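I have placed the structure first, in the form of structure tokens, so that the comments after it can refer back to it.
Given the structure is predicted, the values throughout are model-derived calculations rather than measurements. Position 1 is the first residue of the sequence, and the numbers go up from there.
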Amino acid sequence: MTELPRLSVVVPLHGGEEHAEECLKSLHAQTLDDIEVILAGRPEGLRPPGPGFTLLALGDGGDDPGAARNAGAAFATGRYLAFADPGSVVPADAYRTLVDALDNTGSDLACGRIRRWSPYASGGTTTEPGRTSGAGSGAGAAARLRTHITRHPKLLDDPRAGGTVFRREFWNKHGFAFPAGLGEDFPVTIPAHVLSTSADVLGDVVCLTRGSRPPADPLRRLRAMLEVSDLLGRHAPRLRAAYDLRLAEGPDLEAVLDAVRDRVPDGLAEALGRLDPGAVERLPVLARLRIHFAAHGMTGELAELRMFAESEIRHRGVLRRGLVRRRWYLDYPFRRDPRLPRSLFDATRDLRLVARADDVRPSGGKLLLTGHAYIAHLDSGRGRIEVWLQREEERIALPVRRTRRPDVTADSRQSVACHDDSGFEAEIDLDTLPPGRWALHARVRARGVTRVGRTTGAPGERVFDVAGVRVSLTHERGLTLTVGTPAEPAVPGDGPFTNPDVGHVGAVRWTDAGELVLEGPGRFPGDRIALERGAERHFWPVRQDEDRWTAVIGRAADGLPLASGIWRVLAGDERVRLGPALIADPPRPHVAGLHEVSFRTARDGALSLAVRPALGLHERGPYATRRRLAAARSRTSGRTGRRTALRNAAVFDSYGGGQYSCNPRAVSEELARRHPDVEIVWVTRDGQFTVPPGVRLVLHGSREHEEALSTSRFVVANRRTQPGWYHKPRGQTVVQTWHGTPLKRLGLDLEGMPYARQAPRAELTRQVATWDLLLSPSPFATTALRRAFGYAGEVLESGYPRNDVLFDPARARAVRRRLGVPDDRRVVLYAPTWRDDEPEGAGRLALDLTRAARALDDDDLLLVRAHYLVARHLAIPEGLGHRVRDVSKFPDMADLLAAADVLVTDYSSAMFDFACTGRPMVFFAPDLERYRDEVRGFYLDFEAVAPGPVVRTGDDLLDMLRYGDLGPFSARYEEFARRFCPWDDGHASARVVTRMLP
């Protein structure tokens with residue numbers, strides 16, 4: 001009789017998992033005897049690394065991890081059961097440790113620690129349950145045997161199944177199963193812990209994971225969480241409050257409530273009404289209101305609250321009310337609504353402690369600490385700050401010196417409270433610090449409110465050793481000092497820089513030209529250094545001397561500075577690290593041109609550069625906006641009787657300072673040609689474009705921007721993007737060019753469209769009131785724009801200035817030369833619009849570019865132009881050769897239209913511009929009904945007027961580009977051009993400038 005295996009491990013596979021072979025190798029290397037591994041799903045192409053591996057091929061449902069796990073569990077024969085994700089690595093002793101524990105204790109399940117995989121991570125080993133050994137095992141993590149989730153509530157925090165072994169008899173008794181289509185573990189692991197007699201919680205690392213799974217549908221995940229909440233209410237009511245608090249604070253409930261329009265999803269209102277009242281009371285006011293409105297089906301109020309949260313919440317503060325017991329309340333919408341209990345607006349939970357250790361550096365035998373602390377919503381001017389180091393119940397008080405920190409107010413994302421006086425400095429004497437692990441805490445007293453807690457840290461992670469003390473400053477945990485012998489070196493020595501004397505950054509300096517110079521000892525692994533942000537990567541050469549390397553990082557190959565964001569510094573595909581001395585004493589933030597650059601490290605010393613616009617302390621943030629608006633109103637107030645003297649200058653703004661393009665560019669260049677005495681000023685938000693000689697560039701939101709807007713004779717813009725502090729001086733002319741003939745609804749016409757991003761009516765009214773002249777390309781556009789913006793002022797039907805280039809053959813030839821495209825090659829421009837209902841940063845394309853590259857002829861070049869709102873998130877697949885090219889960052893869409901032979905779009909206004917060329921268009925609209933009826937809405941019957949074929953699938957589009965006959969659309973095309981671009985003739989810019997300066 002064949003003896004059954006002790007453990008069955010199920011690995012769900014759907015084919016193509018990047019690291020599955022590494023996972024299987026780690027399972028093959030397990031030191032536990034009698035183990036079977038079941039590869040369930042569609043494991044095509046994977047070769048089992050040895051005996052004991054069984055392929056369980058599934059048909060329908062084979063692509064779903066939950067269904068594959070359930071099928072594998074049903075097929076398994078082991079006494080114990082475990083699940084491993086194909087992207088994980090299981091340390092060699094992990095399953096032996098977990099199974100031995102269960103054999104010894106008789107518990108129903110055993111789990112260990114899960115750590116994120118990195119080149120420096122390793123799994124722990126054990127010699128007996130509860131006793132750890134081996135580097136990376138998390139020394140000091142004690143085991144808890146025969147415990148239970150009610151005695152160890154932290155098990156709620158990490159409910160992943162990858163580090164858990166279940167007793168098979170227990171699994172079958174309760175009929176556990178992973179929900180199909182969800183891809184989550186908590187619907188099994190938390191009930192298993194709750195229903196178990198006991199569990200073994202080990203201190204060892206038993207699983208290394210490579211990161212998160214694809215996100216589940218928020219509503220499905222929320223429903224599953226609510227089911228777990230009900231189970232806790234029945235079997236572990238003391239845990240329910242903590243779990244419901246996690247549920248209510250999580251992103252799924254927020255996403256679901258954000259999507260609520262006409263009705264709350266079936267059953268959700270009732271389920272939200274069952275949430276633990278104690279958990280709901282611990283939420284901020286905004287979250288309590290959202291849950292209350294959803295639970296009572298108040299969808300109209302929920303929509304108004306959503307708009308408030310998007311635009312006005314940062315400008316609302318607290319009020320103190322009450323005759324006897326005065327309390328703080330938040331001044332939010334519906335505060336006076338008699339249907340709502342006053343307690344919903346109680347600000348107790350919103351008056352939270354904000355305390356951060358911003359920096360710590362060694363100096364002699366001491367650490368110099370700088371930080372800030374305040375209570376949210378309360379001015380810090382009269383507050384009191386105390387800080388101390390704490391180890392269990394022992395405290396060491398740190399005398400503090402208060403400092404001015406206007407940067408804290410600037411970065412607080414609100415306009416009501418001033419936190420300029422929230423800063424502090426302190427010295428920590430390392431020689432007198434007793435052994436142990438010390439964490440920094442703070443207490444703030446202000447306006448009768450006291451808040452106490454542990455500090456957080458600046459973004460990033462810094463870990464270094466000084467005078468026998470391990471100093472750790474991380475964003476989540478704040479400042480921690482460990483006195484004694486650290487278990488591991490501060491910076492691991494693995495990876496490409498194995499030798500600590502080779503490859504790391506040992507010195508940093510800036511040149512007068514604003515270039516960053518990185519230097520290090522030894523040899524650099526490679527001949528160039530890279531900076532990477534998402535799909536974007538730039539390179540600079542590395543100069544290698546005999547015993548030292550140097551890299552000079554300046555402008556990128558396109559001549560532009562680095563855009564704002566977090567840039568990882570790489571050697572090939574590996575991270576470049578700062579040396580220990582620079583981790584302990586990193587460079588200060590530096591202003592280079594239009595940007596401020598800060599240095600940031602990870603726990604292993606990996607270097608990143610944090611780049612942001614170099615706005616001053618009184619230029620950035622909502623608080624500065626409010627002060628500047630008040631000052632502007634004072635300057636232009638009618639009480640003074642003075643009129644602002646305007647300069648002979650014009651300020652241009654395209655897409656909120658994002659581009660040098662569109663109608664403003666065309667008007668700017670025509671104005672410069674005809675009136676060289678007018679000063680031309682362009683606004684840039686992030687320095688991501690160049691301007692012609694003689695044009696002055698100002699940073700959006702800067703003092704220079706403020707000065708230009710308040711003193712220039714003209715302002716020309718193509719969006720509603722003037723800053724909140726802008727107050728139009730008398731005598732100034734504002735020209736609103738807009739940026740396209742509207743097919744899609746705009747402004748006031750978006751009401752009732754659930755997904756469209758709508759500006760608050762008051763803000764729209766404020767912006768439109770500043771316009772003196774609105775450009776329009778056609779009578780149709782005039783009617784639509786007037787209605788959408790509620791604009792009753794002057795309209796100039798001039799045609800669109802940006803389309804003048806479409807009548808210039810020399811411009812088209814110049815653009816093709818710049819792109820390196822021969823005259824005899826057909827250029828297909830694919831330019832879809834963006835989707836209001838897509839999550840921020842999605843950047844997805846409906847067209848499969850790989851299939852398109854294979855299908856098009858060798859003489860075709862497909863140019864891909866993503867909408868400017870999502871362009872930075874687009875990643876073109878590699879290996880498409882000369883067939884596909886990403887031109888999303890090309891300076892001006894008008895130039896691309898001039899160079900294109902065929903336009904492929906969906907609902908973009910580019911169709912109206914391109915119509916004046918007479919060249920063919922194809923419309924790829926796979927989501928036409930949803931986009932038209934639910935997402936955005938149209939002013940036209942799109943299918944009836946489209947001047948080309950409307951196709952629904954990628955195959956149909958490619959067939960049309962290869963073999964399609966566009967002749968039948970010629971009559972419709974001519975009518976389309978007559979109706980929507982009757983004035984476009986190459987001279988629209990001249991007509992606009994003549995109107996500005998007759």
Side-chain angles (χ1 to χ4, degrees), residues 739-745 776-785 797-809 812 826-833 846-847 856-857 859-860 862-863 865 893-894 896-929 931-933 936-988:
H739 54 272
T741 296
L743 167 67
K744 300 167 288 191
R745 291 190 192 180
S776 169
S778 66
F780 165 81
T782 299
T783 301
L785 294 173
E797 285 189 6
S798 62
Y800 261 162
R802 70 185 186 185
N803 291 343
D804 288 351
V805 301
L806 302 181
F807 295 86
D808 183 358
R826 185 176 71 155
V827 172
V828 178
L829 176 62
Y830 174 44
T833 193
L847 179 61
L856 294 177
D857 294 336
D859 292 335
D860 290 333
L862 179 64
L863 301 182
R865 173 76 168 193
M893 175 66 169
L896 295 175
L897 291 175
D901 298 298
V902 181
L903 173 66
V904 176
T905 186
D906 42 21
Y907 324 112
S908 170
S909 64
M911 71 178 76
F912 300 99
D913 302 322
F914 199 67
C916 53
T917 70
R919 299 175 204 146
M921 288 184 268
V922 182
F923 299 92
F924 181 34
D927 58 346
L928 174 58
E929 288 77 16
Y931 193 88
R932 178 192 62 204
D933 301 333
R936 192 61 183 263
F938 290 162
Y939 289 113
L940 295 165
D941 185 343
F942 173 64
E943 289 182 284
V945 303
V950 178
V951 297
R952 300 305 188 93
T953 70
D955 289 341
D956 288 343
L957 170 63
L958 295 174
D959 287 343
M960 183 59 66
L961 291 175
R962 288 181 296 180
Y963 315 118
D965 179 12
L966 302 182
F969 293 90
S970 58
R972 187 191 290 187
Y973 199 124
E974 292 176 3
E975 173 59 27
F976 187 90
R978 282 195 298 268
R979 181 180 180 188
F980 298 112
C981 44
W983 312 116
D984 285 330
D985 58 2
H987 303 288

Original post:
Quick one: does Leu940's side chain get under 4.5 Å of Arg979's, heavy atoms only?
Top reply: yes
Original post:
What's the spacing between Thr905 OG1 and Met921 CE if we round to 0.5 Å?
Top reply: 9.5 Å
Original post:
Taking all non-hydrogen atoms of both residues, which atom of Ser909 and which atom of Thr741 are closest, and how far apart?
Top reply: CB-O, 3.5 Å
Subject >> Side-chain donor or acceptor of Arg952 paired with backbone N/O of Leu928 under 3.5 Å >> reply: no
Subject >> From Leu957 atom CG to Arg962 atom CZ, the distance as rounded to the nearest 0.5 Å >> reply: 10.0 Å
Original post:
Ala812 and Ala898: which non-hydrogen atoms are nearest, and at how many Å?
Top reply: CB-O, 3.3 Å
**OP:** Output the distance between atom CG (Leu961) and atom CG (Asp860), rounded to the nearest 0.5 Å.
**Re:** 7.5 Å
Subject >> Contacts of Asn803 that satisfy side chain to side chain contact (heavy atoms under 4.5 Å, CB included) - sequence neighbours left out >> reply: Tyr800, Leu806, Asp913, Cys916, Asp984
Original post:
Taking atom CZ of Arg802 and atom CE of Met893, what is their separation to the nearest 0.5 Å?
Top reply: 8.0 Å
**OP:** Could you tell me whether the side chain of Phe914 reaches within less than 4.5 Å of the side chain of Cys981, counting heavy atoms only?
**Re:** no
**OP:** Among Pro777, Ser776, Ser778, find the one that has a side-chain contact (heavy atoms from CB on, under 4.5 Å) with Glu797.
**Re:** Ser776
Original post:
So, the side chain of Asp857 versus the backbone of Asp859: is there a donor-acceptor pair under 3.5 Å, distance only?
Top reply: no
Original post:
For Phe938 and Lys744, what are the C-alpha separation, side-chain angles and deciding distance, and is it a side-chain contact (heavy atoms from CB on, under 4.5 Å)?
Top reply: CA-CA 5 Å; Phe938 290 162; Lys744 300 167 288 191; 4.3 Å; yes
Original post:
If every non-hydrogen atom of Ala784 is compared with every non-hydrogen atom of Tyr939, which pair is closest and at what distance?
Top reply: O-OH, 4.3 Å
Subject >> Euclidean distance, Phe923 CZ relative to Met911 CE, rounded to 0.5 Å >> reply: 5.0 Å
Original post:
Got a sec, which residues hit salt bridge (charged side-chain N to carboxylate O under 4.0 Å, His left out) with Glu974, two or more places apart in sequence or on another chain?
Top reply: none
Original post:
Does some side-chain heavy atom of Val951 sit less than 4.5 Å from a side-chain heavy atom of Phe924?
Top reply: yes
Original post:
Where is the tightest heavy-atom contact between Ala831 and Ser908, given as atom of each residue plus distance?
Top reply: O-CB, 3.8 Å
Original post:
Mind checking whether Leu863 and Val827 have side chains closer than 4.5 Å, heavy atoms only?
Top reply: yes
**OP:** Please name the pair of heavy atoms, one in Leu829 and one in Ala900, separated by the smallest distance, quoted to 0.1 Å.
**Re:** CB-CB, 3.8 Å
**OP:** Find the distance between CG (Asp933) and CG (Asp927) and round it off to the nearest 0.5 Å.
**Re:** 11.0 Å
**OP:** Inspect the contact between Arg972 and Glu975 and indicate whether a charged nitrogen and a carboxylate oxygen are less than 4.0 angstrom apart.
**Re:** no
Original post:
What pairs with Asp941 under side chain to side chain contact (heavy atoms under 4.5 Å, CB included), at least two apart in sequence or on another chain?
Top reply: Glu943, Ala944
**OP:** For side-chain contact (heavy atoms from CB on, under 4.5 Å), just list the numbers for Val904 and Met960, CA-CA rounded to whole Å, side-chain angles, deciding distance to a tenth of an Å, and then say yes or no.
**Re:** CA-CA 11 Å; Val904 176; Met960 183 59 66; over 6 Å; no
Original post:
What is the ring orientation for Tyr907 with Tyr931, classed by angle as parallel under 30°, tilted 30 to 60°, or perpendicular over 60°?
Top reply: parallel
**OP:** Measure the acute angle between the ring planes of Phe912 and Phe980, then classify it against the limits of 30° and 60° as parallel, tilted or perpendicular.
**Re:** perpendicular
Subject >> Shortest non-hydrogen separation from Arg919 to Asp901 and the atoms involved >> reply: CB-O, 3.6 Å
